[in-house]
Amino acid sequence: MQTASRRRAYYGLPVQDVLATFHLVSRRLWDELRAAARGTAAEDTAIELVAPLWLWVQAMSGVVADVYADEAGARYGREAGLRQRFLELLRTGGEPREHTAEIARELGFDPDGEFQALCTTAAVWAAEGRLGLLQRAAQQVAGKVSCGLSGQLMVAVTQRSDRPTSSPAWSSWAATTLSWASASYGPGWPARR
């Protein structure tokens, strides 16, 4: 169960979907047991299985949730490191393009595609986990958005977004998301690296 859950978490299947499927299968198992025992001497035995079966479902659900939490933490750490490295490479251009392209692909970007960047001062985002909140909020935008600190800047790089940084929709999202941090920002224009 742990290995299967870890694999599903790695591939990004939502934990709610995995648990719902597990619960559905458990329910079907119970329905089959009950139907097979109905009207036979095994009916009382089937009723006695309710508590152990329910405990098993709870225990396995806990295993799935724990594995997802572990994998999410590990993935977040890997992705945060990759985001930082990616933004530094974009800003400094110090590495060969192939290295930057490899990291871009790992983060879900198309290295040959057009991207946009939104920049604001880093000071607002460096404290109290605000950058993590911004990254989670950015996941609500269709397409790929990656946020991180680069020098004195907070940079949000976007690609294939339904809200280009020059559009009113992006400006509205950015203004709402950035307003609580009292951050000013400027829209990015389409570019290729």
Side-chain angles (χ1 to χ4, degrees), residues 6-18 67-193:
R6 193 171 312 284
R7 188 171 43 254
R8 285 168 177 78
Y10 178 82
Y11 287 112
L13 293 174
V15 68
Q16 297 88 347
D17 292 350
V18 174
V67 166
Y68 262 79
D70 290 347
E71 183 62 31
R75 176 180 283 188
Y76 183 79
R78 282 191 308 270
E79 286 180 0
L82 283 173
R83 277 194 304 272
Q84 284 307 118
R85 184 72 181 128
F86 180 62
L87 293 175
E88 286 301 316
L89 290 173
L90 288 178
R91 188 172 69 88
T92 64
E95 292 285 328
R97 186 183 191 296
E98 297 80 32
H99 184 65
T100 306
E102 180 182 324
I103 293 175
R105 274 190 285 282
E106 286 185 59
L107 290 171
F109 289 103
D110 172 6
D112 297 320
E114 197 170 81
F115 66 92
Q116 294 176 292
L118 174 136
C119 300
T120 187
T121 178
V124 176
W125 303 100
E128 303 172 22
R130 289 180 174 174
L131 186 62
L133 292 173
L134 179 63
Q135 183 63 40
R136 283 191 292 283
Q139 291 173 349
Q140 304 307 310
V141 176
K144 181 66 187 167
V145 179
S146 193
C147 305
L149 302 178
S150 180
Q152 298 298 311
L153 296 175
M154 185 291 296
V155 181
V157 178
T158 180
Q159 188 176 63
R160 298 181 307 274
S161 175
D162 66 345
R163 301 177 184 182
T165 61
S166 57
S167 76
W170 175 273
S171 295
S172 172
W173 174 82
T176 302
T177 305
L178 301 178
S179 66
W180 61 268
S182 302
S184 59
Y185 65 95
W189 302 108
R192 290 186 184 272
R193 177 85 167 109

Pairing residues for R105 by the side-chain contact (heavy atoms from CB on, under 4.5 Å) criterion, not counting sequence neighbours: A101, P111

Residues in side-chain contact (heavy atoms from CB on, under 4.5 Å) with V15, at least two apart? L19, V64, Y68

Residues forming a side-chain contact (heavy atoms from CB on, under 4.5 Å) with L82, sequence neighbours excluded: I103, E106, L107

Where L87 and L149 come nearest, the two heavy atoms and their spacing: CD1-N, 4.1 Å

Partner set under side-chain hydrogen bond (donor to acceptor under 3.5 Å, both in side chains) for E79, not counting sequence neighbours: none

Smallest separation among heavy atoms of V157 and F115, with atom names: CG1-CD1, 4.0 Å

Value rounded to 0.5 Å, distance of CZ in R85 from CD in E102: 11.0 Å

When rounded to the nearest 0.5 angstrom, what is the spacing between OG1 in T100 and CZ in F86? 7.5 Å

About how many Å separate OG1 of T121 and CG of L153, when rounded to the nearest 0.5 Å? 7.5 Å

Keeping the roles fixed (side chain from Q159, backbone from E114), state whether a donor-acceptor pair exists under 3.5 Å. yes

Identify the heavy atoms of Q84 and G148 that sit nearest to each other, and give their distance. OE1-CA, 3.5 Å

Would M154 and C147 count as a side-chain contact (heavy atoms from CB on, under 4.5 Å) here? Give the steps. CA-CA 7 Å; M154 185 291 296; C147 305; 4.3 Å; yes

